[in-house]
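Note that the numbering runs from 1 along the sequence shown for the chain. It should be emphasised that the depicted structure is a prediction, and the values quoted were computed from it without experimental measurement.
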Amino acid sequence: MTSPHPRRLPRPIAVAGAVLVGVLTATQAQINGALGAAIGDALTAAAISFGSGFVILLALSALLAGGRAGIARLIAGVRERRIPVWMILGGAAGAFTVFTQGLAVAAIGVAAFTVGVVAGQTVNGVVLDRVGYGPAGVVGVTIGRLAGALLVVAAVVVSLVGEGAASVPVWLLVLPLLAGAGIAWQQATNGRLRNEVGSPLTATLVNFAGGTVLLTAAAAVQLVLAGTRRLPTEPWLYVGGAIGVVYIFLSAALVRHTGVLQLGLGSVVGLLGASVVIDALFPGHAGPPIEVALIAVVVAVVGVVVATVPRWRRR
């Protein structure tokens, strides 16, 4: 049984973990986008990514004692109705995120994709913390947290500067916006589930199980309607699921130490920083110029620092 008052990680370590979540998210977006472009079908690419992650998690849960214990607590919690159905639906948001990666990244680039994700995640993070949806409970909208969120939104606005970003179809930015909002909800939901089952591994397994079911069903319908697709042979195109396992596991473990908004703000820095590097290595997307993207990263970093400095908190 987990302690009702678990020890919290030091703030710098928790925020660094949140930044790593963002770096991994951007890396997965690039890989899943490339897989979707190679197959010519975002749904099939998403199903492959989520399905491979689910297989990895299922094997780990079977092999590790903590994983087996977490599954037992999950089954008991669902049977006794201590774990409501909505708490195991985080995989739906994850499935939508992976689908939008396969659909949008190849067309607009990682940086432009990140713009929409950042905006949706930041705004919804503020809302979810304010209403107390996350496992950290109600987190007030203090001056520091509000200023940090506004700075991150300002970084999003900066990253929209340039002819390339102006040429991006509006609907391709709306999808990442919705995905970002879903990520904030997913992180909070998985964090609450992690508290109930006492295991980030089990919370992540539930996330991937639900997403795999949804995406596999959708891909099967797509297969019937459009026929089979030829799969690429490059091994690196298939590691998106494994990367997703790592960053969703980290999110579920970290959110009780950071709150939804600070987890989102930290991951924003990782997302923006990694997207700049990725788009520099793989140019040709319709994202912002590198120098503009770098300015956006600096503004976002300042936003995270402002949101996490203790002196801004109410006494």
Side-chain angles (χ1 to χ4, degrees), residues 18-30 32-33 42 46 89-105 107-131 133-134 145 148-160 165 168-191 207 211 244 247-248 250-252 254-255 258-276 278 287-288 293 296-297 299-300 303-304 307:
V19 173
L20 178 59
V21 168
V23 172
L24 293 173
T25 304
T27 304
Q28 186 200 43
Q30 172 65 19
N32 287 344
L89 296 180
F96 182 72
T97 299
V98 174
F99 170 68
T100 58
Q101 288 172 350
L103 184 65
V105 169
I108 65 177
V110 177
F113 179 83
T114 301
V115 166
V117 170
V118 165
Q121 189 174 358
T122 301
V123 173
N124 204 25
V126 173
V127 173
L128 292 173
D129 271 348
R130 184 65 185 87
V131 301
Y133 181 80
R145 294 171 68 82
L150 290 176
L151 281 169
V152 172
V153 172
V156 171
V157 174
V158 169
S159 67
L160 286 172
V168 175
V170 174
W171 70 271
L172 278 179
L173 288 178
V174 171
L175 285 179
L177 178 71
L178 295 175
I183 287 172
W185 176 80
Q186 178 191 33
Q187 289 171 340
T189 302
N190 286 348
N207 181 90
Y247 82 69
I248 295 178
L250 279 176
S251 295
L254 288 171
V255 70
T258 61
V260 181
L261 177 59
Q262 287 185 3
L263 178 61
L265 290 173
S267 65
V268 161
V269 174
L271 271 167
L272 288 172
S275 68
V276 170
I278 290 171
V297 171
V299 175
V304 173

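- Within the 4.5 Å cutoff, side-chain heavy atoms of Phe96 are placed close to those of Leu175.
- Summarising the geometry, atom OG1 belonging to Thr97 is positioned 10.5 Å from atom CG belonging to Asn32; distances are rounded to the nearest 0.5 Å.
- Shown here for Leu128 and Ala188, the closest heavy-atom pair between the two residues is CD1-CB, 4.5 Å.
- Atom CD1 of Ile183 is separated from atom OG1 of Thr25 by 6.0 Å, given to the nearest 0.5 angstrom.
- Closest non-hydrogen pair, Ala26 versus Ala274, comes out as CB-CB, 3.6 Å.
- The shortest heavy-atom contact between Gly90 and Trp185 is CA-CZ3, 3.7 Å.
- Atom CG of residue Leu250 and atom CG of residue Asn190 lie 12.5 Å apart, to the nearest 0.5 angstrom.
- Atom CG of Leu20 sits about 8.5 Å away from atom CG of Leu254, to the nearest 0.5 Å.
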